[in-house]
**Student:** 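This is the structure I have questions about; it appears just below.
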Amino acid sequence: MSINFLGDRAARTASYALALVFLAGVVGCGSSRDPNLPEVSGVRGTFTYKGSPVVNAFVSFHPVDGGVTAMGQTDQYGNFKVSTFEHGDGAIVGEHTVTVQVDASAAAGAVPGMAPAKSAVAIPGQYASAEKSPLTAEVKRGGNTFEFDLK
């Protein structure tokens with residue numbers, strides 16, 4: 001013989017409330033970013049090569065002092081935003097070597113045998129290497145915008 005102090009409906013309501021409290025604790029109410037991670041700041045900008053936008057390129061900001069590389073991709077106008085720990089959060093504050101590499105399928109044409117996409121621009125390979133790239137950027141607190149005109 002069991003004694004039900006709350007009744008079935010009250011017990012079910014209490015179970016739901018407990019599940020919600022647990023879920024709120026797991027998900028959290030604010031940002032899930034670890035406060036021990038390095039400080040980041042928003043980074044956006046544009047890549048052009050000889051006056052034309054660099055389209056579908058992978059952009060990376062490599063911290064000179066080490067750490068997590070921020071990455072992004074250019075759009076049809078050569079614009080980009082980078083992310084390090086969370087989508088769109090930017091790059092670690094400090095000095096960076098910047099690399100950019102055009103998506104090979106965009107530069108070669110998406111379909112074998114077809115001409116390259118009209119907006120795809122092939123850029124020199126040095127820009128794809130963190131060891132060879134001449135591009136640098138200092139990411140500062142408060143947001144950053146960079147314009148890279150490749151030669």
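Counting begins at 1 with the first residue of the sequence.
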**Student:** Please examine the side chains of Phe47 and Leu135, heavy atoms only from C-beta on, and report whether any two atoms are closer than 4.5 Å.
**Tutor:**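 Side-chain contact under 4.5 Å: yes.
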**Student:** For Asp75, give me all partners under salt bridge (Lys or Arg N to Asp or Glu O under 4.0 Å), at least two apart in sequence or on another chain.
**Tutor:**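 Counting only residues at least two positions away or on another chain, Asp75 forms no salt bridge (Lys or Arg N to Asp or Glu O under 4.0 Å).
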**Student:** As a test of understanding, state which of Val43, Thr69, Val68 forms a side chain to side chain contact (heavy atoms under 4.5 Å, CB included) with Thr84.
**Tutor:**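 Exactly one option meets the side chain to side chain contact (heavy atoms under 4.5 Å, CB included) with Thr84, and it is Val68.
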**Student:** Side chains of Thr99 and Tyr127: does their closest heavy-atom pair fall under 4.5 Å?
**Tutor:**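 No. Closest side-chain heavy atoms not under 4.5 Å.
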**Student:** Does a side chain donor of either Thr48 or Asp149 reach within less than 3.5 Å of an acceptor in the other side chain?
**Tutor:**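 A pair is found: one side chain offers a donor N or O, the other an acceptor, under 3.5 Å apart.
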**Student:** Do the side chains of Asn79 and Arg44 get nearer than 4.5 Å, heavy atoms only?
**Tutor:**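 No. Closest side-chain heavy atoms not under 4.5 Å.
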**Student:** Between the main-chain N or O of Gly42 and the side-chain N or O of Asn144, is there a donor-acceptor pair closer than 3.5 Å?
**Tutor:**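 Yes: the side chain of Asn144 pairs with the backbone of Gly42.
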**Student:** Return the OG1 to CZ distance between Thr97 and Phe61, rounded to the nearest 0.5 Å.
**Tutor:**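 Here the rounded value is 10.5 Å.
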**Student:** Which heavy-atom pair separates Ala70 from Ala91 by the least distance, and what is that distance?
**Tutor:**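 Scanning both residues, the minimum pair turns out to be CB-CB, 3.7 Å.
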**Student:** Would you say that Gln126 contacts Ser133 through its side chain, given a criterion of any heavy-atom pair below 4.5 Å between the two side chains?
**Tutor:**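 No, every pair of side-chain atoms sits at 4.5 Å or beyond.
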**Student:** Taking the six-membered ring where the residue is Trp, are the ring centres of Phe58 and Phe80 under 6.0 Å apart?
**Tutor:**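 Centroid separation for Phe58 and Phe80: 6.0 Å or greater.
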**Student:** Taking only residues two or more places apart in sequence or in another chain, which ones pass salt bridge (Lys or Arg N to Asp or Glu O under 4.0 Å) with Lys50?
**Tutor:**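 Partners of Lys50 under the salt bridge (Lys or Arg N to Asp or Glu O under 4.0 Å) test: none.
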**Student:** Please report the interatomic distance OG(Ser41) to CD(Glu39), rounded to the nearest 0.5 Å.
**Tutor:**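 These two atoms lie 7.0 Å from each other.
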**Student:** Would you say Gln73 and Val59 make side-chain contact, with heavy atoms under 4.5 Å?
**Tutor:**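 Result no, sub-4.5 Å side-chain heavy-atom pair not found.
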**Student:** Roughly how far, to the nearest 0.5 Å, is the CD atom of Gln101 from the OG1 atom of Thr74?
**Tutor:**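 Between atom OG1 of Thr74 and atom CD of Gln101 there are 11.5 Å.
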**Student:** Any side-chain heavy-atom pair from His96 and His62 closer than 4.5 angstrom?
**Tutor:**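 No - every pair of side-chain heavy atoms lies 4.5 Å or more apart.
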**Student:** Write down the atom of Val54, the atom of Val102, and the distance for their closest heavy-atom approach.
**Tutor:**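 Heavy-atom minimum between the residues: CG1-CG2, 3.8 Å.
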**Student:** Within the structure provided, determine whether Thr136 and Val98 are in side-chain contact (heavy-atom separation under 4.5 Å).
**Tutor:**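 When only atoms from C-beta onward are counted, Val98 and Thr136 do not touch, as no gap falls below 4.5 Å.
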**Student:** Is there a path from Val100 to Met71 through hydrophobic residues (I, L, V, M, F, W, Y) whose side chains come within less than 4.5 Å of each other?
**Tutor:**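 Different clusters.
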**Student:** Is there a side-chain contact between Tyr77 and Thr46, using heavy atoms and a 4.5 Å cut-off?
**Tutor:**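 Side-chain contact under 4.5 Å: no.
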**Student:** Given the rule that I, L, V, M, F, W and Y join up when any side-chain heavy atoms are under 4.5 Å apart, are Val93 and Phe146 in one cluster?
**Tutor:**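 Cluster IDs for Val93 and Phe146 differ.
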